J.: 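One structure is given below, represented as C-alpha cells, and several questions about it will come after.
Below, read A as the first sequence line, B as the second, and so on, with proteins coming before strands; counting in each chain starts at 1. Keep in mind it's a predicted model, so treat the numbers as computed, not measured.
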Number of protein chains: 2
Amino acid sequence: MSITTGSEASMNAPHAAVRQKATDAVLASLQAELSRRLGDRVATSAAVREQHGHSLTWVKNQPPDIVVYPRTSEEVSEVVKLCAAHEVPIIPYGTGTSLEGHVNAPYGGVSIDLSLMKRVIAVHDEDLDCVVEAGVTRKELNEHLRDKGLFFPIDPGADASIGGMVATRASGTNAVRYGTMKDVVLALTAVLPDGEIVKTASRAKKSSAGYDLTRLLIGSEGTLGIVTEITLKLNGIPEAISAGICPFPSVKAACDAVIMTIQSGIPVARIELLDEVQVRAVNLHSKLTLPESPLLLLEFHGSEAGVQEQAERFGEIAAEFSGGPFEWATKPEERSRLWQARHDAYWAAKGLRPGAQSVATDVCVPISRLAECVDATKQDILESGLIAPIVGHVGDGNFHVQPLVNTDDPAEIEACEAFVDRLVRRAVAMEGTCTGEHGVGQKKMKYLEIEHGPAALGLMRVLKQAIDPHNIMNPGKIVAL
Amino acid sequence: MSITTGSEASMNAPHAAVRQKATDAVLASLQAELSRRLGDRVATSAAVREQHGHSLTWVKNQPPDIVVYPRTSEEVSEVVKLCAAHEVPIIPYGTGTSLEGHVNAPYGGVSIDLSLMKRVIAVHDEDLDCVVEAGVTRKELNEHLRDKGLFFPIDPGADASIGGMVATRASGTNAVRYGTMKDVVLALTAVLPDGEIVKTASRAKKSSAGYDLTRLLIGSEGTLGIVTEITLKLNGIPEAISAGICPFPSVKAACDAVIMTIQSGIPVARIELLDEVQVRAVNLHSKLTLPESPLLLLEFHGSEAGVQEQAERFGEIAAEFSGGPFEWATKPEERSRLWQARHDAYWAAKGLRPGAQSVATDVCVPISRLAECVDATKQDILESGLIAPIVGHVGDGNFHVQPLVNTDDPAEIEACEAFVDRLVRRAVAMEGTCTGEHGVGQKKMKYLEIEHGPAALGLMRVLKQAIDPHNIMNPGKIVAL
C-alpha cells in the first residue's frame, strides 16, 4: 500500500461519496465488469441478496446490491479494485452467523462471499500450525485435522468461518485456556482497500519486526481490508479430556469458585456459567435434567493424571463455596451431549418464547466484578419484565444476555434497547468492555466512545481514514458512518 | 486524536523537517520551556546525553540534545506538545538495555527518560492483573508481587523497564509457556505525537470493541507514541517448580526433542538451547561444570505431581533422541544458579574474547526449520572465522547469535555485518523473521522489506504517516528515516 492523499476538501469530508447508495447506472456497469471476470459467480437475485444482509439475531435486513463468490485472493483483489474504481461499498461475508449486523449493507454495494475459498492450504504438524483460506469453517478445519491428532481450539457457538472469526476477534468456550483469535493467528493474507494483497507476518511463533499488522486486522470487521488466508496456531488433541457440571446456590458463589480456580492456576479448558433461566431452557430444548440453579459446566484437558488432579482440586474449591455435587460426564458421548447442549443454548433460549425474536448481546468485565455485574443485570431483567437468559464464559469475565422480544411491539423493542444500554454502561463502569467477543457491527457503534473516550476513538478514526480514505470497506461499522 | 492533514506538499515530503537536527536557537528555546515546566529534571550534560544514546551492544552512540525526566503521563504530554510545536524529535528511554540502537538519536532531540515513573498503581489479585508506570522494571515488579503469590512471567535477560518491553514486544525464556508482551498486556496509556493521552482498552480479559490499539503500540518502539502506563496480566507463582539440564549429541537431536516435547503438549515453562561454545563461555564465567555439548536447560511449572510428570515425560523424549542424562536441579538455590548463568550468557560470551565488542542479534523460524537454521548458522560462523556463541528460546524457534568483534578492524566489522545479513536472509527464507524479540531499532530496518515485502511495508508506512505525520516520534527507527 502506498501513501496517497486526496485534496484537503476530500480529506475533510471523505465519506460523503458512500453515504449514498451507488446509482443504478454505476451498479449496472460494475455488475457487467464483475460478470466478465467471475462469470456466473455474480448474483443479484433478491433471495441471495437478502440472505447476505442477514444477521443471526434480530437486526433489520439491509441487502447488498450484488453478491460475488471469488475463489482466490487475486479474484478478491480484482473485485476490490473494481469496487474502488466506482467507490462502491464492499462487505465481506463468511457464514452469516454475525450477531451485531456486521454483514448488513446500509449503503448497498458488493457482498464478497468467501464460501468458495475452502482450501486447507497446509498443515505443519511439527510447527503446530496450518494455513487456511478464509471460507473454511472451524468444524471443517477440525474435521480435517482430526487424523493428525491436532485441533483448533477457538470455539464460538456457531460453525463460523475462520475469516469471520478473524474479523470479529472471536473466542468462545475454550478461550480461558487457549485464548482468542488475537492469540492464535500467526499471519494473515488480506486485500487492502486499493486492491493490494498484503501478507502481515511470517510463520515464526513470535516476531518483533515492525508494526503488528496481524492484530490490526483481527477484529477490524472488514473495515480495513478483507482477510483471505489465515495462518493459525494449532494444539495437540489432549491425551485426556473430562467434563462435569456443578450447581451453585447463587451466581456469586459460582463466580467466587471460578476466581479461586483461575487464581490457583488450574488450567481449566472450559468454565461456563448458565443462570437458572438458561438451564431451564437447555433442559427443555436438549431433554436434559440439569439442576435448575446457577450452574458451571467445566472441561479439563491434560494427561490422565493431570485431568484427574484438576477435577479433584476444582471439586474442593466448589465445596468451599457451597457448590456441588460436582458430577462427572466421563463417557465421551455424555460429554458431547453436554457441550452440544451448551452450544445450542441460543436455540434453547429462543424456545422459551416461541415466535419472539432473539437479541443476543455480550459484555465482558474483570472477573472480580463479574458476580456483581451479573446479579445487577438479573435484577434489571426482572424489573424490565424481559425474558433474557444468561450464559457466560466466566473464566474470562464474559457473559451473554439474550432478551426474547416481540418485535411487533415498539414498547418491547424500546425496553430491550434501554436494557442493553444499561448493560453496556454497567460493564464499562466496572472497567469492562461493551463486547467481549460478538464485535461492534452496527449495534455497538454508539458505545465505542463511552468505552474508549474521544482520544482512543479519534485514533481509531485516524487508522480507518488512513487505510480506507474513501470508506468503501464495510461502511457503517465500527467508527465510520 | 483528531484527523488532521497538512498541505499536499507537506504530505508528500513530511519528513524533511526532522531529517536535519534542530538549530541551536530552537533547542535553546525548547530547553528553556522544558525547564520552566520540569525544573531541574532537564539535563544537557555530555555524560547524561551520551548515556541516553547508548545501546547495550555495539551501536555507534548518537546522543540526544536534551534529556528530561517526567513524573506523570501529563508531564510527558506537555513535553511532547512542546517538542511537536518545535518539530524536535522525541526518543523514549527506559533502562537503555536495547540491543538494536532503539534509543539512538540520529537527529538529536529530546530523550524522555521514564525512570522516575516507578509507581505500581494497582494490583488486582482476583483479576490477576496490575497497572504500572512505564519505568517500573520487571524485577522491581516481581519484587512487589512476591508477597501476594503472583508473578509477571515475561523475562528478557536484562532487567528492562516494562515500558521498554512493550516498545520492543519483548519476550524471553518463559515465552514458550506464558507468551510475549503482546499476549500479557491488557491495556496501555500512551501519549500520541500531538500530546494527546490515549487509553487503549479496558481491564476486561478480552474485547471485540474496535481496532486493537494496544497491539498497534506494542512493538512500535516509540515511533507512534510514548507508553506511560501498562495494565498487565499476572500469574500465580506455581506451587512447584523444577529445573534441569540435558545434553545432546547434536543441535538437531536437541531440536527434535524440543519439537516432540511441544507436540506432546507438555506445558514446559522454559526450554533453552545453548550451543557448545556458549556452554564453555558459561562454565568459565559462572564457574559451572555443564557438559560442553549442545545443551537444553528446562524448567517445569505446576503442581508437585504435574511437574514430576512433565519432567519424566521429557526425560523419555530426550532419551529417544539420544539426549541425556537429564539432570535435576532440585534445590531452589541450584535452580537460581542455573538460570542466573543462563541470564549471564551475554556477559559470559563477552568473556570469550576480552576487549572485543559484542554484536547481539536474533532471528526466529518455525520450529521445524530450527535445527537446519542453527546448523547452517554454525557452519557460517566457522567459515567466517567469527567467535559467535548461540543461545536460543528453542520452544519458540527463536535464537540469538553474539559475534565478538574487534571494532577497530574494519574487515571484522564487515565480516560480521555480512554474517548478520546472511543470518537474516536464511531465517526469512525459512518462513521466519529478522527479529524474534530484540526489535528493529536502527539495525534491522533494512531487512523489513525482505521480510514483509513492499505491500506490508507500505501499510506500515501508512500507519506511521497517519499517526505521526511530522515524524517526530523516534525518527530513524522501523519504517521512517
Side-chain angles (χ1 to χ4, degrees), chain A residues 1-3 5 11 126-127 168-169 171 180 183 196 198-200 202-213 215-216 219-220 236 259 263 265 303 305-306 309 364-368 396-397 431-440 448 451 455-456 458-463 465-466 478, chain B residues 1-3 5 11 126-127 168-169 171 180 183 196 198-200 202-213 215-216 219-220 236 259 263 265 303 305-306 309 364-368 396-397 431-440 448 451 455-456 458-463 465-466 478:
Chain A
M1 190 175 206
S2 58
I3 299 169
T5 168
M11 292 287 280
E126 291 193 320
D127 298 315
T168 55
R169 203 181 292 125
S171 46
T180 77
D183 303 304
E196 213 163 358
V198 72
K199 180 82 191 294
T200 60
S202 75
R203 280 208 301 119
K205 274 282 182 298
K206 64 183 198 183
S207 172
S208 288
Y211 305 140
D212 191 341
L213 302 181
R215 267 143 288 271
L216 178 69
S220 68
I259 290 172
Q263 270 192 324
S303 65
E309 188 186 28
C364 185
V365 294
I367 197 172
S368 62
D396 300 309
E431 297 187 76
T433 175
C434 68
T435 171
E437 57 180 23
H438 290 181
V440 179
L448 290 186
E451 176 171 340
L459 181 53
M460 289 189 195
R461 288 203 177 104
V462 165
L463 296 175
Q465 166 72 22
I478 303 192
Chain B
M1 189 175 207
S2 59
I3 298 169
T5 166
M11 292 288 278
E126 290 193 322
D127 298 315
T168 56
R169 204 181 289 124
S171 45
T180 76
D183 304 303
E196 214 164 357
V198 71
K199 180 83 192 290
T200 61
S202 75
R203 278 208 303 121
K205 273 282 182 299
K206 62 184 200 185
S207 172
S208 287
Y211 305 140
D212 191 341
L213 301 182
R215 266 142 290 270
L216 178 69
S220 67
I259 290 173
Q263 270 192 324
S303 66
E309 188 185 28
C364 185
V365 295
I367 198 171
S368 63
D396 301 310
E431 298 186 75
T433 175
C434 69
T435 172
E437 57 179 23
H438 290 181
V440 179
L448 290 186
E451 176 172 340
L459 180 52
M460 289 188 195
R461 289 202 176 105
V462 165
L463 296 175
Q465 167 71 23
I478 303 191

J.: Would you name the heavy atoms of A:S208 and B:T168 that are closest together and state the gap between them?
T.: OG-O, 2.8 Å
J.: Going by side chain to side chain contact (heavy atoms under 4.5 Å, CB included), B:Y211 matches just one of A:L448, A:L463, A:V440. Which one?
T.: A:L463
J.: Which one, A:A305, A:G397, A:P366, A:S303, leads in non-hydrogen pairs under 4.5 Å with chain B?
T.: A:P366
J.: Residues in salt bridge (Lys or Arg N to Asp or Glu O under 4.0 Å) with A:E451, at least two apart?
T.: none
J.: Determine the minimum heavy-atom distance between A:A204 and B:G432, stating which atoms define it.
T.: CB-CA, 4.2 Å
J.: Sequence neighbours left out, what passes salt bridge (Lys or Arg N to Asp or Glu O under 4.0 Å) with A:R215? Give chain and number order.
T.: A:D212
J.: Verify the distance criterion only: is there a donor paired with an acceptor across the side chains of B:T180 and A:K206 at less than 3.5 Å?
T.: no
J.: Side chain to side chain contact (heavy atoms under 4.5 Å, CB included) with A:M460: which of B:L213, B:V198, B:L216?
T.: B:L213
J.: Can you tell which part of A:I259 gets under 4.5 Å to a heavy atom of chain B, answering side chain, backbone, both or neither?
T.: side chain
J.: Taking all atoms of both residues into account, what is the closest heavy-atom pair of A:A466 and B:A466, and its distance?
T.: CB-CB, 3.3 Å
J.: Could you report the tightest heavy-atom contact between B:A209 and A:C434, atom names first, then the distance?
T.: CB-SG, 3.8 Å
J.: Between chain A and each of B:R203, B:H438, B:K205, B:K199, count heavy-atom pairs under 4.5 Å; write down the option with the most.
T.: B:R203
J.: Under 4.5 Å heavy-atom distance to chain B, tell me which part of A:E309 shows up: side chain, backbone, both or neither.
T.: side chain
J.: For chain B, find which of A:G210, A:G265, A:G236, A:S171 contributes the most heavy-atom pairs closer than 4.5 angstrom.
T.: A:G210
J.: Is A:S220 in contact with chain B via its backbone, its side chain, both, or neither, using a 4.5 Å heavy-atom distance?
T.: both
J.: Report yes or no: does A:S368 contribute a side-chain atom to a donor-acceptor pair with the main-chain N or O of B:D127 at less than 3.5 Å?
T.: no
